[in-house]
Amino acid sequence: MASPTPAPCPPKGQALLEAMRRHLFSSQAKSASLATTHDHYVCLSLAVRDILLTSWVDTADTYTSQHVRTATYMSAEYLLGPHLENNLVSLGLREEAAAACEALGLSLEEMLAEEPEPGLGNGGLGRLAACFQESMATLELPAIGYGIRYEFGIFRQQIGPNGQMESTDPWLARGNPWEVIRPEWSYPVLIGGQTVIGVAYDTPILGYGVHTANTLRLWSAQAPDAFDFASFNAGDYTRAVLHKVQSETLSKVLYPNDELEQGKRLRLSQQIFFVSCSLQDMFRILASQGIPVTEFHRKFAVQLNDTHPAIAVAELMRLLIDVHGVDWDTAWSITTATISYTNHTLLPEALEAWGLELFQQLLPRQLQIIYEINARFLRTLRIRFPGQPELLERLSLIEEGPHRKVRMAHLAVVGSHTVNGVAELHSRLLKENLFADFARVWPDRFTNITNGVTPRRWLAVANPPLAALLNDAIGTDWCRHLDQLRRLEPLATDAAFLERWQRVREQSKERLAATIRQDTGVLVDPASLFDVQVKRIHEYKRQHMAALQVVERYLRLRAGEDLPPRTVIFGGKAAPGYAMAKLIIRLIVGMAEIINIDPAMDGRLRVIFLPNFSVKLGQKIYPAVDLSEQISTAGMEASGTGNMKMSLNGALTIGTLDGANIEIRERVGDDNFFLFGHTAEQLAAINRSGYHPMPWLENDALAKEAIDLIGSGHFSEGDRDLFHPLLANLCSSDPFRVMADLGDYRRAQNEVDSAWCDAGRWSMMSVLNTARCGFFSSDRSIQEYAERIWKVAPVPVNACSVIPSPSP
Ligand SMILES: *Cc1c(COP(=O)(O)O)cnc(C)c1O
């Protein structure tokens, strides 16, 4: 048991090739002459799936027979990215697959490009959930991921002359070779008096170099079989079908965040839907292993990824009490021993609260339970903090006022044994501000676990040239023990190594340049400094500040200043209802249009907006970044993970003291990080004394000139009104303190320009960024969750399957 598990024995390219041929016939029902590229992609995926199935089946067997303690991760979002290449790397089969494709006259690249991406998340939060799944499997931790199988993921973004246009993402339209439907595991959920059925779809999550394959279980909504038979029998066929359609709407589409009020009803329905199915599934597992329901908390640790699944607190209570006959006090100890909650944001507008009327309509029993939880909670508070009604009001699960609401974050805190933030600063601010009152009540409940990213997808898969160089220089251990990157440090001053480093970086930049040409038609010079900001478009992330900086650069270049050539690359989606974010995209697109055709900018400045930023595109972008823009208003970015991916791949950061930037800087060293801007504390002080942007702007001729140029219609075909809302906002309330940081941002950008001119020094700093980023592996994050919060131990899986290997 204790001996290390052998990696699965990889069949050679020949076996894959035969399996692909077989699947073309038996799965796609085609001859070679009719096969499309997509058919070949499906065949390769099925051939790979055949191989990983032994791990998946053995893992399920091991977990079931050993009654293992299991972590369950509940998340409304999983931004998975394509599976094929990741699975090939985990199985150690990438080269074999390339050979098999070649033998069929295909290229692996072509196959990989065919895979649609499951975009079941908005951004960082969903991507974190995906990195965590992969790390749990790699660390051989018994775990299940629970979520929603949205039929349409995050919208597709196209960029036209007017900025962002959205279309649907029918990622399942041509089938999905990576999932298995489990109709036998389906559960009813009562929402607003109607029953909806959730059906499990399972996707294997392979660990790297181990025999573990965990399960990601996503719920799809179905109308009950005997749907509305009354109408059906009365001859009202249409009405019966409408009900069916209504029920199935539940898992139809992922909500873009930062959206408006509309559609909230469906969102709350989605939350209870997947939470209830997941908890019922856990009770089913308990029963199948003969474990009494009162041992629920010994079998399962449940992690809530933000408040989206916070209704789990009330739903677990309901299932324990109403369905399994447990008394209130026992149910409450089980619930609070089971659940823990990760907070992802301090932004007040992102804190979920549901109107009581809506709640009452959809979930009357759960609301009753929430009232009872609240009554008991407030009773204990009254005893501990007598004569402090304001404190009780602030802590209550119910927000009073004309529109009474359920505060989901409060429900999550009260129902959890542990609450964590996702970077040190964020966790501290949680305790000092958002949850200050709760921290008084339960000081030990709050902790920090800094986020991380998986080195498999974000280095081995995304950056093969760098992975090969690392293997050569420090061995292959870094992929599972990212701390090993430390061993690069002595090489940061080795001229021969720096030259190889430089070549690797050039390759990544050439690859991105080709993508830019393909997606935008613009030619960029891979030798120029690639200055990149890719992430959701949001005012707090301050893409408009980066845009202002580019306009200033344009003005300086036009005035004859000599600055090193830069390619400024933006990417990211704006929520369809977030007008200001869309206007920021429109500004960048307008700038690109003018700047990229200006002969005076030739060889000096290019501006790119890459459409439809996604995991797939990220895999091409992150390795090619020279300068990583992490410029959020201090105190507003909980952690960030894009910052980690870039630094890990050798980018230097220009950033504020926000989120994980602080910890990145601590590790890579002050000399290898371009710091600027006010701290969260300084901004708080400025806010207290009353902030206004005008004093900052009045002393800044260059900023004024840039704003005037935008206002003159220079980037909007003479339209002086288009960007008015953006500029007026910046010059009046400037809620994200762009003007307060702009001058110092410019100073730091000037330092970047000088540093870039010393190519040798830049390369050294780049190596040191990679060498010192080992901490930011999601393996380290997950190890902390497992040890400190879940108390879940690794369970190695041995190859024991009697399933025949897939050779014909
Ligand atoms: C990493 C990642 C993010 C998060 O980026 P931040 O810079 O941390 O906001 C968002 N989207 C995708 C596709 C990612 O890969």
Side-chain angles (χ1 to χ4, degrees), residues 75 77-82 86 116-135 153-157 169 171 254 256-258 305-306 344-345 347 350 422-423 425-426 450-459 461-463 512 515 531-543 546 569-575 581 610-625 627-633 636-649 651 653-656 658-664 773 776-778 781:
S75 179
E77 302 190 9
Y78 289 93
L79 194 51
L80 294 165
N86 204 73
E117 154 168 355
L120 311 184
N122 274 284
L125 175 149
R127 184 53 232 173
L128 184 78
C131 283
F132 279 4
Q133 294 305 305
E134 197 270 354
S135 279
I154 188 67
F155 64 87
R156 269 192 207 157
Q157 178 197 57
D169 161 44
W171 70 288
L254 166 73
N257 53 15
D258 316 313
N305 194 27
D306 215 296
H344 283 272
T345 182
L347 299 184
V422 290
L425 172 70
H426 169 63
T450 299
N451 282 166
V453 300
T454 167
R456 273 71 65 184
R457 183 176 294 272
W458 296 115
L459 218 167
V461 171
N463 199 345
L512 181 57
T515 301
D531 171 349
V532 180
Q533 190 176 23
V534 289
K535 48 184 76 238
R536 284 301 287 244
I537 310 293
H538 203 294
E539 289 165 279
Y540 87 80
K541 291 176 181 281
R542 300 200 291 195
Q543 281 93 353
I569 299 164
F570 293 90
K573 293 173 184 177
L610 267 173
N612 203 40
F613 181 57
S614 58
V615 172
K616 221 170 163 176
L617 191 53
Q619 288 176 197
K620 295 205 178 105
I621 297 174
Y622 290 116
V625 178
L627 185 66
S628 161
E629 298 270 355
Q630 308 299 338
I631 60 177
S632 52
T633 315
M636 295 210 170
E637 186 76 271
S639 162
T641 49
N643 47 4
M644 301 169 186
K645 296 173 212 168
M646 291 184 184
S647 184
L648 180 62
N649 277 281
T653 305
I654 183 167
T656 48
D658 199 16
N661 295 353
I662 298 173
E663 291 158 75
I664 292 175
C773 265
F776 300 102
S777 166
S778 46
S781 308

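Numbering starts at 1 and runs along the sequence shown. Here the structure is a predicted model, which is why all the values come from computation and not from measurement. Order of appearance sets the numbers: ligands from 1, and atoms from 1 within every ligand.
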(request) May I ask you to decide if Y622's main-chain N or O and N649's side chain share a donor-acceptor pair within less than 3.5 Å? (result) no

(request) Starting from atom 11 (N) of ligand 1, find the nearest protein heavy-atom neighbour and note its residue, name and distance. (result) F613 CE2, 3.5 Å

(request) Could you tell me whether some N/O pair between K645 and ligand 1 is separated by less than 3.5 angstrom? (result) yes

(request) Determine the sole option in L120, L128, D306, N305 for which the side-chain contact (heavy atoms from CB on, under 4.5 Å) test with S75 is passed. (result) N305

(message) So if I count the atoms of ligand 1 from 1 in the order they appear, which ones are less than 4.0 Å from some heavy atom of G640?
(response) 8 (O)

(message) To check your reading of the model: name the closest protein heavy atom to atom 8 (O) of ligand 1, its residue, and the distance in Å.
(response) T641 N, 2.8 Å

(request) Could you find the nearest protein heavy atom to atom 5 (O) of ligand 1 and give me its residue, atom name and distance? (result) G642 N, 3.7 Å

(message) Before you tell me yes or no, could you show the steps for E663 and N451 under side chain to side chain contact (heavy atoms under 4.5 Å, CB included), namely the whole-Å CA-CA distance, both residues' side-chain angles and the distance that decides it to 0.1 Å?
(response) CA-CA 11 Å; E663 291 158 75; N451 282 166; over 6 Å; no

(request) Output yes when the distance from some N or O of ligand 1 to some N or O of K535 is under 3.5 Å, and no in every other case. (result) yes

(request) Give the minimum heavy-atom separation between E117 and L79, together with the two atoms involved. (result) OE2-CD1, 4.3 Å

(message) Salt bridge check, E134 against R457: does any charged N sit closer than 4.0 Å to a carboxylate O?
(response) no

(request) State whether the side chain of Q157 and the backbone N or O of N612 hold a donor-acceptor pair below 3.5 Å, judged by distance alone. (result) yes

(request) Could you please spell out the steps behind the side chain to side chain contact (heavy atoms under 4.5 Å, CB included) verdict for I154 and R536? (result) CA-CA 12 Å; I154 188 67; R536 284 301 287 244; 3.7 Å; yes

(message) Does only the side chain of K541 get under 4.0 Å from ligand 1, or the backbone, or both, or neither? Count heavy atoms.
(response) side chain

(request) Just need the protein heavy atom nearest to atom 4 (C) of ligand 1, so name the residue and atom and give the distance. (result) G124 CA, 3.6 Å

(message) Test your reading of the structure: does E637 have an N or O sitting under 3.5 Å from an N or O of ligand 1?
(response) no

(message) Treating S628 as the side-chain partner and T653 as the backbone partner, does any N or O pair qualify as donor plus acceptor under 3.5 Å?
(response) no

(message) Could you report the tightest heavy-atom contact between F570 and Q543, atom names first, then the distance?
(response) CE2-O, 4.1 Å

(request) Could you list which atoms of ligand 1 come closer than 4.0 Å to a heavy atom of G123? (result) 10 (C), 11 (N)

(request) Give the numbers and elements of all ligand 1 atoms closer than 4.0 Å to a heavy atom of W458. (result) 15 (O)

(request) Check whether any N or O atom of L79, backbone or side chain, sits under 3.5 Å from an N or O atom of ligand 1, and answer yes or no. (result) no

(request) Give the contacting part of S614 toward ligand 1: side chain, backbone, both or neither, where contact means a heavy-atom distance below 4.0 Å. (result) backbone

